[in-house]
Amino acid sequence: MLKIAVQKSGRLYDHSLHLLNECGIELNNGNRQLKAGALDYPLEAYFLRDDDIPQYVYDGVADVGIAGENVVFEKKRELQILSKLGFGRCRLSIAVPKAMSYTSCQDLNGLKIATSYSNLLQKFLDENNINAEIHEISGSVEIAPGIGLAEAICDLVSSGSTLVTNGLKEVEIILRSEAVLVGRDNLSGEKQSILSNLLMRIEAVKTARHNKYIMLNAPNDQLKEIASILPGMKSPTIVPLAESGWSSVQSVVNENDFWSIIEKLKSLKAEGIIVMPIEKMIL
Ligand code: PRP
Ligand code: ZN
């Protein structure tokens with residue numbers, strides 16, 4: 001069995017379980033136990049505090065883990081990033097009271113900065129030759145300036161609403177982070193093969209997320225040009241329609257090019273364009 005560490009509660013929990021579900025792995029944790037087996041898959045999940053996940057994976061208590069890059073880099077454990085998962089996006093930022101005048105990071109000199117990310121903050125301060133005092137606390141970092149514990153903070157920002165509520169403004173982004181699957185390199189043969197299978201499934205889900213299935217009707221005299229902007233997995237599928245002079249075209253389009261391709265298709269007289277999400281995509 002492959003042992004996977006997942007955040008026990010918090011922002012990554014739902015997304016982590018959802019990703020596993022999309023990979024066909026359903027965890028048997030109805031009443032939120034701390035340990036759960038999977039139905040029909042050789043995997044066992046441990047629900048842990050996110051800051052502990054890098055250490056547990058490093059120690060081999062779990063074989064792999066889903067954690068934010070923020071904790072992975074903060075904990076400085078030598079782990080492999082096996083896959084970037086695309087959720088849990090946030091930034092680790094320095095924020096100061098709204099009223100404070102701030103022009104550059106040199107304004108942080110001499111300040112006391114509260115954070116739970118002292119390693120990452122220290123690295124930023126060193127790289128920028130800033131002399132500031134780090135005050136390490138494990139939670140509720142945003143209230144530190146308001147209660148006179150520090151003059152600035154360094155914490156995760158997602159929507160930014162926690163900063164606003166606490167009268168703070170974001171002044172430096174020191175790390176951009178998302179959820180990743182981390183692991184070690186010395187897994188047994190059997191575990192390694194389960195992990196390869198899991199990674200294949202994760203990649204299939206990720207690739208599908210970034211692509212859309214598109215169907216449209218096109219006049220035959222435009223087919224050549226339409227086909228040239230629709231690569232598809234090999235080439236687009238083109239089927240003649242019952243109405244003469246028209247064909248149905250089916251293809252897969254990457255989300256980054258999606259809107260520009262739609263514009264071009266319309267200018268090439270494509271009609272009845274239908275776009276569908278793709279559930280899995282195995283290349
Ligand atoms: C994080 C972070 C901030 C908040 C930022 O805390 O520490 O407090 O989210 O999010 P926002 O920019 O969308 O307001 P979280 O809720 O994960 O809990 P924690 O601090 O207890 O870990
Ligand atoms: Zn918080």
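Position 1 is the first residue of the sequence, and the numbers go up from there. Note that ligands are numbered from 1 as they come in the structure, with each ligand's atoms numbered from 1 the same way.
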Notebook entry, point to check: Counting each atom of ligand 1 from 1 as listed, which ones have a heavy atom of Val157 under 4.0 Å away?
Noted result: 12 (O)
Next item on the list: Please verify whether a non-hydrogen atom of Gly160 lies at under 4.0 Å from ligand 1.
Entry: yes
Next item on the list: With heavy atoms only and a cut-off of under 4.0 Å, state how Asp155 meets ligand 1: side chain, backbone, both or neither.
Entry: side chain
Check: salt bridge (charged side-chain N to carboxylate O under 4.0 Å, His left out) with Arg91: which of Glu69, Glu172, Glu170?
Finding: Glu170
Notebook entry, point to check: For ligand 1, which atoms, with element, lie under 4.0 Å from some heavy atom of Thr162?
Noted result: 4 (C), 5 (C), 8 (O), 10 (O), 11 (P), 14 (O)
Note to self: Taking only non-hydrogen atoms of Gly139, do any sit less than 4.0 angstrom from ligand 1?
What the structure shows: no
Check: In terms of heavy-atom contacts, does NZ of Lys76 have more than 12 from other residues, nucleotides or ligands at under 6.0 Å?
Finding: no
Next item on the list: In plain terms, say whether Arg209 and Glu22 are close enough for a salt bridge, that is, a side-chain N and a carboxylate O under 4.0 Å apart.
Entry: yes
Note to self: Using 30° and 60° as the class boundaries, would you call the ring planes of Tyr13 and Phe47 parallel, tilted or perpendicular?
What the structure shows: tilted
Note to self: Among Glu142, Arg11, Gln7, which one puts a heavy atom closest to atom 16 (O) of ligand 1?
What the structure shows: Arg11
Item checked: Ligand-residue contact atoms, ligand 1 with Ser159, heavy atoms, under 4.0 Å -> 11 (P), 12 (O), 13 (O), 14 (O)
Check: With a 4.5 Å limit on heavy-atom distance, are the side chains of Lys3 and Lys191 in contact?
Finding: yes
Item checked: Shortest non-hydrogen separation from Val253 to Leu230 and the atoms involved -> CG2-CD2, 3.7 Å
Item checked: N or O pair under 3.5 Å between Leu163 and ligand 1 -> no
